Amino acid sequence: MTFTQCSSKRQDRIYLGFASAPVLGTTYLNFCVSTPACFSILQAYRLPSSAGHGDVMPVRVLSEGAGPGAEVPKHLTRIPISLISTSTDCSNNTVKGKVVSKCPPVSPASQNFILKTVIQEDDSPQNAASQNPSINVFLFGALAWDFNQTVNQGDLVVVTGFTVGKSPTFNKDKLHPCNLQLKGDDACVYVSHLPPPPPDPRALRTSKRRSALSASAEVSRSAKAPKPAYVKLSDLPIGPVVNVYGVVVFFKQPYKSRGDDFHSYFKITDQSNETIKCTIFCKKLEDHPKIFQNGDIVRMHRVKLQQRNDSTWLVKSPGFSALTFDGGQGRDIEPRTSSLSFHFDQEDRRIVEELRSWSASQSILPPVPTVRLSDVQPKAYFDLTCQLLAKAPMDSRCTVLRVWDGTKCPHNLQKVIVDPYAMEGPSSFSKKKESLIANILVYDNHAVFSTQLKPGDFLRIYNLRVIPGTAKVQDLTSSQSEEEVQQLAFHLHGGTTYGRGIRVLPENSPDVQELKRVMETLPDDEEEELNDSDLLEIWSTPPESLDAEAVEYSTERSCSHDVQPVTLSEVKRSHPGRVHHVRVQLRSYEPSRLHQALKLYCSKCRSMQDVPDDEEVAGLFSEASKDSGPCSPPPWALSGQVRVPADSPGSPDRSLSVHLSTQLMSEDKTKELIFLMGSTLEETCRLSAGYHNIVPVRSSGGDMALLDLSAPFLFRGRKRYYGCKQCSEAAVREPSCADGLELIDEKIVAEALGVQLLQFVLLMKLELQDATDTLDAFLWRDAESFFGVKAEEAAANQEAQNIIRQTMEFLCPAGGSTGERPWMDLCLTAYGAEDDGGQNQTCYQICHSTITRPSSTRPNANPA
DNA sequence: GATTAGGCTTCG
């Protein structure tokens, strides 16, 4: 049996409508013959008196097709839009452009219509969207009405008889400093219509799979609504609302912005070779274009080009809607949308097919990073189409997705320890299926998004990173030998760069269909029979995701509280004074240098202090030895000399003065307790090997006194004891051992000396985590039972320290991932406490909880 | 009604 632990090496740091205007009455239409350019003329001819205009108005609408055409008078000179200024001579000039937007006519005064349209130079030398000049054109009165009836987006117009005004909206729309105003007898518009699309009997067939309701909605829509015109991306005017089609060449999945909406960022291109950035904000995720991969074709209605920061962006405007199509040639043309009602006909089909074949003939798309698990390469980034089998939150920022795509990755894959209770979906699979499963750790925003995923979902995970690493594999058959094996981990880092994200694919998507076909060739889990050896393995080994040590380490609650386990977020919401049971992982802990976890605690004044380090203590000894004036020992003491062996060969032994209790002398217990004066810390430690209790003393004004209580008042073997400065009334007194049998220990000495004994405690702050939250909890009162180690022992012996260190390393492996941290069942108490600023806060303490260790690290089982 | 964000890898 082997266990693995991932220690993947960190690499270097490594987004026209038709106004339902009141009926004006009859407009008189007069048809003329078109020029080769197929122009029609819109000219005021006559308006009924009911419209409130003069009897005769120069309105004439001339339609293309059969009949005589119209010609733009030859004496008129065309001027480029870019050269229009308020000083332009209007009488003999024309302006020609494509209608890129047409607003509904408005009627500020009753029946006095105004219509705004934007025309754009269609044949200027430059082809860039921002370069093609366009201008606002305002039409008044009956001309506005006729224009609305006759002219469509995309039509080519020539206007004459205009006046040039200053554009009040130039600052906003950046279109043109001037506008054209068409009113009065001289105003005239020549129109060249876009050819109408041929009728297509298949128009409605694409909706065959849709419900009758939506199909009928389409029919009714297409019967009533005008056909939208689409603007080529190179012709996009800045400002006006337009409709567009484009091939996606870059995209990010919609993600929650810092504002209120989801944000989609993508780029589209078309046959004009213009690439346009699109940035769409929508509250609802389903309103965003459903882009699955580069090459997809997006149709957007009611968007506008906006100029900002030296660049242009396509943004949505009111009434925005989007359809998305697979961009693959020959694939079904099935619009992706959540809208029940949308217009889609043979014209759309033609546009999609044209874009597909155009895009197939170009090299506009980046290489497809979609690979299967069988083909993954270390260090690569790739898009994975897969099925989610199970998932489990690892902590508040990480979720593991257990996925498969029916192929077997030839590399070793990272194992992840998952709490079976936290797993959504099966917590184990057959051995065969298990070998096809990849554990994908998704972080941050993706972990949040993953809460919406359900086992069984088909997913595409974008920009998944393959991280090569090594795992320590312990082969128990060869006792303690460890070998390192290469393995791969899959991470979906937080953020959206390079389109990182997760998308649920619909079941009918061709990629999912393909995936299903592969999976269907594999035997079902249930069909696999368990044989004897499998059974044996199940009995004798833990689940594969647990490592060998984890089997032996476990946490237990020893309390008798009858409460159900709760999540950390629930703990945080409850009031202080309660007991909670939680199932958590250790995210981090303080102090990282474990010796700093040792504290000295006074049970009387409840103060806590750090254990002084050796340097500080040595300083106190050296200070004390300077006060070596004459000293009269107390009457109960006998004074003498003690020889301190030299610390190195060649140097002389040193003699120090000691004082002993007369009573102990009489009992021949000379080794039990000595009062030692003038020694260094080091000498005191050396002597502590031969004397059970050593109390360092000094001379103070001729009397014998204890050292400053920052130093230990007592040395007992390797243990040192400290007193509370605040609560002690220290004086050198003879310990009383009434029966003479009592062992002299720190308590007896402390009591005799009037020292309030400080207690060794372990104090740690553990950052706990579960799927819902993190929480800082103190481990203090029950720290000794948690580790099974006395704090006093930890202060004095290496073995005890090792146990604590190993336990912490097991609970929170250095450099280890969340997946490698075991789950702990803990009992927490919540209590109110004042912080340094006197503010009330809730604190948490771990209690009644124990770690049980494997035998190899149990105290005394394996003395070093 | 405005805001959000506006690509260009990596904490885990």
Side-chain angles (χ1 to χ4, degrees), chain A residues 5-15 130 172 248-269 275-285 287-288 291 294 303 305-318 320 365-367 369 377-383 393-401 414 416-417 439-448 450 461-469 488-501 585-588 767 769 774 812-821:
Chain A
Q5 200 170 35
C6 178
S7 60
S8 58
K9 256 184 219 157
R10 288 255 294 277
Q11 313 285 312
D12 283 329
R13 267 297 77 196
I14 9 188
Y15 141 25
S130 52
K172 210 172 137 199
V248 175
V249 290
F250 171 81
F251 69 103
K252 284 185 173 192
Q253 288 303 325
Y255 61 95
K256 195 87 182 73
S257 73
R258 288 168 196 245
D260 295 336
D261 301 335
F262 280 96
H263 175 233
S264 280
Y265 176 69
F266 52 98
K267 280 167 146 177
I268 54 174
T269 188
T275 301
I276 297 292
K277 290 180 269 199
C278 307
T279 185
I280 304 291
F281 289 97
C282 292
K283 292 242 178 324
K284 291 193 206 152
L285 203 52
D287 292 339
H288 285 256
I291 303 170
N294 286 322
V303 287
L305 196 65
Q306 208 173 57
Q307 179 147 40
R308 262 176 114 109
N309 302 340
D310 297 331
S311 192
T312 53
W313 316 91
L314 210 49
V315 300
K316 75 174 183 125
S317 62
F320 167 82
L365 301 177
Q377 295 297 323
K379 293 184 181 175
Y381 288 90
F382 72 108
D383 297 347
M394 306 300 291
D395 62 50
S396 58
R397 297 181 65 183
C398 177
T399 291
V400 62
L401 304 182
Q414 181 192 27
V416 175
I417 298 174
N439 296 306
I440 295 174
L441 294 171
V442 306
Y443 291 93
D444 303 334
N445 49 325
H446 312 302
V448 172
S450 294
I461 304 175
Y462 299 91
N463 199 236
L464 196 48
R465 183 175 174 218
V466 189
I467 303 177
L488 297 183
F490 297 107
H491 286 210
L492 184 67
H493 292 295
T496 63
T497 40
Y498 273 84
R500 254 183 254 141
Q585 287 177 297
L586 180 58
R587 184 179 161 91
S588 68
E767 190 190 4
Q769 65 181 17
T774 65
C812 193
S817 67
T818 300
E820 293 160 26
R821 294 173 200 154

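Just so we're on the same page: letters track the sequence lines, and every chain starts at 1. Keep in mind that what you see is a predicted model, and the values were worked out from it rather than measured.
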Novice: Taking only residues two or more places apart in sequence, or in another chain, which ones meet A:K283 in a side-chain hydrogen bond (donor to acceptor under 3.5 Å, both in side chains)?
Specialist: A:D261
Novice: Take the protein atom CZ of A:F262 and the nucleotide atom C1' of B:dA5, then report the distance between them rounded to whole Å.
Specialist: 15 Å
Novice: For a quick check, tell me whether the side chain of A:K277 and the base of B:dG7 share a donor-acceptor pair closer than 3.5 Å.
Specialist: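 No.
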Novice: Starting at NZ of A:K284 and ending at C1' of B:dT4, how long is that distance when rounded to a whole Å?
Specialist: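 Atom NZ in A:K284 sits about 18 Å away from atom C1' in B:dT4.
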Novice: How many whole angstroms separate atom CD of A:Q253 from atom P of B:dG6?
Specialist: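 So the CD-P distance, A:Q253 to B:dG6, works out to 15 Å.
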Novice: B:dA5, OP1 or OP2 - any side-chain N/O from A:K252 closer than 4.0 Å?
Specialist: no
Novice: Where do N or O atoms of nucleotides 1-3 of chain B meet protein N or O atoms at under 3.5 Å, pair by pair?
Specialist:
unit_1	atom_1	unit_2	atom_2	d
B:dA2	N1	A:D260	OD2	3.4

Novice: The side chain of A:F281 is closest to which nucleotide in this list: B:dG6, B:dG7, B:dA5?
Specialist: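 So the nucleotide nearest the side chain must be B:dA5.
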Novice: If the cut-off is 4.0 Å, is A:Y255 near the phosphate of B:dG6, judged by side-chain N/O to OP1 or OP2?
Specialist: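 So the side-chain polar atoms of A:Y255 do come within 4.0 Å of the phosphate oxygens OP1 or OP2 of B:dG6, strictly under.
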Novice: For A:N309 and B:dG7, give me the distance from atom CG to atom P, rounded to whole Å.
Specialist: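 It works out to 10 Å between those atoms.
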Novice: Looking for any heavy atom pair under 4.0 Å, which part of the strands does A:G495 touch: base, sugar-phosphate only, or nothing?
Specialist: nothing
Novice: Could you check A:C398 against A:T496 and say which one's nearest nucleotide on DNA chain B is further toward the 5' end?
Specialist: A:T496
Novice: Can you measure A:I461 atom CD1 to B:dT9 atom C1' for me and round it to whole angstrom units?
Specialist: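 Distance, rounded to whole Å: 17 Å.
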Novice: Keeping A:H493 on the side-chain end and A:V442 on the backbone end, is there a donor-acceptor pair under 3.5 Å?
Specialist: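 Not a single qualifying donor-acceptor pair exists.
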Novice: Whole Å only: how far is the CG atom of A:L305 from the C1' atom of B:dG6?
Specialist: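 Taking CG of A:L305 and C1' of B:dG6, I get 13 Å after rounding.
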Novice: Can you name the ring-ring contact (aromatic ring centres under 6.0 Å, His included) partners of A:Y443, sequence neighbours left out?
Specialist: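 ring-ring contact (aromatic ring centres under 6.0 Å, His included) check on A:Y443 returns A:H491.
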Novice: Looking at residues at least two apart in the chain, or sitting in another chain, which of them share a side-chain hydrogen bond (donor to acceptor under 3.5 Å, both in side chains) with A:D287?
Specialist: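 Once residues adjacent in sequence are excluded, A:D287 has no partner under the side-chain hydrogen bond (donor to acceptor under 3.5 Å, both in side chains) criterion.
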Novice: If I take atom CG in residue A:D310 and atom C1' in nucleotide B:dG6, what distance separates them, rounded to the nearest angstrom?
Specialist: 13 Å
Novice: Would a 4.5 Å heavy-atom cut-off, applied to side chains only, mark A:C278 and A:V303 as touching?
Specialist: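 No - every pair of side-chain heavy atoms lies 4.5 Å or more apart.
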Novice: To the side chain of A:S257, which of B:dA5, B:dT9, B:dG6 is closest?
Specialist: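 So the nucleotide nearest the side chain must be B:dA5.
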Novice: For A:R587, check side-chain hydrogen bond (donor to acceptor under 3.5 Å, both in side chains) against everything at least two apart and list the hits.
Specialist: A:E767, A:Q769
Novice: Let me spell it out: for each of A:K256 and A:G494, pick the nucleotide of DNA chain B with the closest heavy atom. Which residue's pick is nearer the 5' end?
Specialist: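 Upstream on the strand: A:K256.
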Novice: Provide, to the nearest angstrom, the distance between the CZ atom belonging to A:F251 and the C1' atom belonging to B:dA5.
Specialist: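 Taking atom C1' of B:dA5 as the reference, CZ of A:F251 is at 18 Å.
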Novice: Report the nucleotide, chosen from B:dT9, B:dG7, B:dT4, that has the shortest atom-to-atom distance to any side-chain atom of A:F250.
Specialist: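 Of all the options, the side chain of A:F250 is nearest to B:dG7.
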Novice: I'd like to check the side-chain hydrogen bond (donor to acceptor under 3.5 Å, both in side chains) partners of A:D260; sequence neighbours left out, ordered by chain and number.
Specialist: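 Counting only residues at least two positions away or on another chain, A:D260 forms no side-chain hydrogen bond (donor to acceptor under 3.5 Å, both in side chains).
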